[in-house]
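Quantities reported herein were computed from a predicted structural model and do not represent experimental measurements. Chain identifiers are assigned alphabetically (A, B, ...) following the order of the sequence lines, protein sequences preceding nucleic acid strands; residue numbering begins at 1 within each chain.
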Number of protein chains: 2
Amino acid sequence: MALIPEDDLTVAQHELYGWIKEYMKNFQHSPSIRQMMQAMGLKSPAPIQSRLKHLQEKGYISWQEGKARTMQIVDEIVEGVPILGSVAAGGLIETYNDINQNLDISDVLTKKNVFALSVNGDSMIDACIADGDMVLMEPINHSSSVRNGTIVSALVPGLGTTLKYFFKRNNKIFLEAANTAYEPIQLNQEEVILQGKLLAVWRRI
Amino acid sequence: MALIPEDDLTVAQHELYGWIKEYMKNFQHSPSIRQMMQAMGLKSPAPIQSRLKHLQEKGYISWQEGKARTMQIVDEIVEGVPILGSVAAGGLIETYNDINQNLDISDVLTKKNVFALSVNGDSMIDACIADGDMVLMEPINHSSSVRNGTIVSALVPGLGTTLKYFFKRNNKIFLEAANTAYEPIQLNQEEVILQGKLLAVWRRI
DNA sequence: TGTATTAGAGTACATTTGTTTTAATGGCGC
DNA sequence: GCGCCATTAAAACAAATGTACTCTAATACA
């Protein structure tokens, strides 16, 4: 049960294709035929040429003839997944099939210094952040730049890093869970280091 | 308020840098110096070399000396956000700073035919899927390939597209919401078209 | 077993391409 | 105006590279 139907490829072609994808992901440019030759353990360029030709005929790759390192992987969508519609819960939905919109995640991922944290526990369950989720955080420079109600990751000495709602009242900082089973934490400004504020949530099933 | 501090670049360097990024985004490989020359309206490679050298010294790009089209853009993180630790709710946490792991989203995004749906309503709120979330779905070919308990988007004639838990018992299909306020839907196999199964959830704050 | 097909080795060649060098140009301060 | 500096043009060169070709070994198939 292959996830991607690459069954029309021979073993050698599949191996080369995988190597190329890996190389291009790492180096952001196309490898040369002689590099592929070496990577595949071959001693002449002819077999690579043959495999590339087949890969091109089957629509996996393309390149500009005669030009060095101009391969492209045509198969995979580099960035963006089509948004096919909106889906409702129980009620009516409009399914706009031909909308030309793509889910854009890159703006968050390419933001400077963004980091991710893996969520443990269920203290934010009422904010729809579950155990095992990845939260993408933007570093906080000044605590004054954080609005009340923002979800932040905060380092509380003795407690460790925790994900909570942030509130500031009368120079006191309150960290509140999104779960009534947890008591709010009240702290002085010096007692807490705000690490980042929540940008996005990512959950793999 | 520039997002990325490119202020240390001259106008010519900045223009070239922008063009290179655009080219590499479109073609998945590095341009040649002569291509850049032409794009910048120049008639000799020397000015491009000079600008590339400056871009390299300032840490924007890199390349392998002597090799054709081996440029890389070092500035932006192409894919991947560092996972800095795991964050707990209220309890203790281990914050592993030096873990060399990156949040990898590409495997889902580059999967064939994956599509996204915008979630309306709160019927899946107990599965931590909230109004406004984006759900990434993998197309379903055969209903037999869907396991009980999977979250699917299903097209129910007269009802529209809906996001629900999928169950199959005695050749009947049950679509259950993750919200006790909604009643389960019971259908015959012919009455429902399974569109996709849930791969991931994405939520922007 | 014999033959056709395919894969690979080895080689050669033209083009592309990075790099170097030298000369010309143009702006700029004095 | 004059000289200094950075930018560009122009040309040349060597390395890298894609491509074509021939020959050999392996493989499949009847």
Whole angstrom value for the distance that separates [atom2] of [N] from [atom1] of [X]:
X	N	atom1	atom2	answer
Lys53(A)	dA20(D)	NZ	C1'	12 Å
Gln56(A)	dG18(D)	CD	P	15 Å
His29(A)	dG18(C)	NE2	P	12 Å
Gln64(B)	dA15(D)	CD	C1'	14 Å
Gln49(A)	dT6(C)	CD	P	17 Å
Lys43(B)	dA11(D)	NZ	C1'	16 Å

Legend entry - Of the listed nucleotides dA9(C), dT17(D), dA10(D), the one nearest the side chain of Leu42(A): dA9(C)
Inset, instruction - Can you figure out which of dA7(C), dT8(D), dT17(D) approaches the side chain of Pro47(B) most closely? - result: dT8(D)
Is [X] near enough to [N] that one of its side-chain N or O atoms lies under 4.0 angstrom from OP1 or OP2?
X	N	value
Trp63(A)	dT19(D)	yes
Arg69(A)	dT16(C)	no
Arg51(A)	dT6(C)	no

Legend entry - Lys58(B) atom NZ, over 12 foreign heavy atoms within 6.0 Å: yes
Inset, instruction - Mark yes when over 12 heavy atoms from residues, nucleotides or ligands other than Asn171(A) sit less than 6.0 Å from its CG; otherwise mark no. - result: no
Legend entry - Side-chain heavy-atom pair Tyr182(B), Asp122(B) within 4.5 angstrom cut-off: yes
Legend entry - Side-chain heavy-atom pair Arg69(B), Lys67(A) within 4.5 angstrom cut-off: yes
Inset, instruction - For Phe167(A), enumerate each residue passing the ring pair (Phe, Tyr, Trp, His ring centres under 6.0 Å) test, keeping only those at least two apart in sequence or located in another chain. - result: none
Legend entry - All ring pair (Phe, Tyr, Trp, His ring centres under 6.0 Å) counterparts of Tyr23(B), not counting sequence neighbours: Trp19(B), Phe27(B), His29(B)
Inset, instruction - With a 4.0 Å heavy-atom cut-off, tell me which residues in residues 32-40 of chain B come close to DNA chain C, sorted by residue number. - result: Ser32(B), Ile33(B), Arg34(B)
Legend entry - Given Thr162(A), Ile173(A), Ile193(A), the one that forms side chain to side chain contact (heavy atoms under 4.5 Å, CB included) with Val156(A): Thr162(A)
Legend entry - side-chain hydrogen bond (donor to acceptor under 3.5 Å, both in side chains) involving Asn188(A) - partner list, sequence neighbours excluded: Lys172(A)
Inset, instruction - Between Ile48(B) and Lys67(B), name the one whose nearest nucleotide on DNA chain D is closer to the 5' end. - result: Ile48(B)
Legend entry - Under the side-chain contact (heavy atoms from CB on, under 4.5 Å) test, residues paired with Asp131(A) that sit two or more places apart: Asn120(A)
Inset, instruction - Would you mind classifying the nucleic acid contact of Ala68(B) as base, sugar-phosphate or nothing, using non-hydrogen atoms under 4.0 angstrom? - result: sugar-phosphate
Inset, instruction - Describe, as an angle rounded to 10 degrees, how the axis at the first end of the helix from dT1(C)-dA30(D) to dC30(C)-dG1(D) is tilted relative to the axis at the last end, five pairs per end. - result: 30°
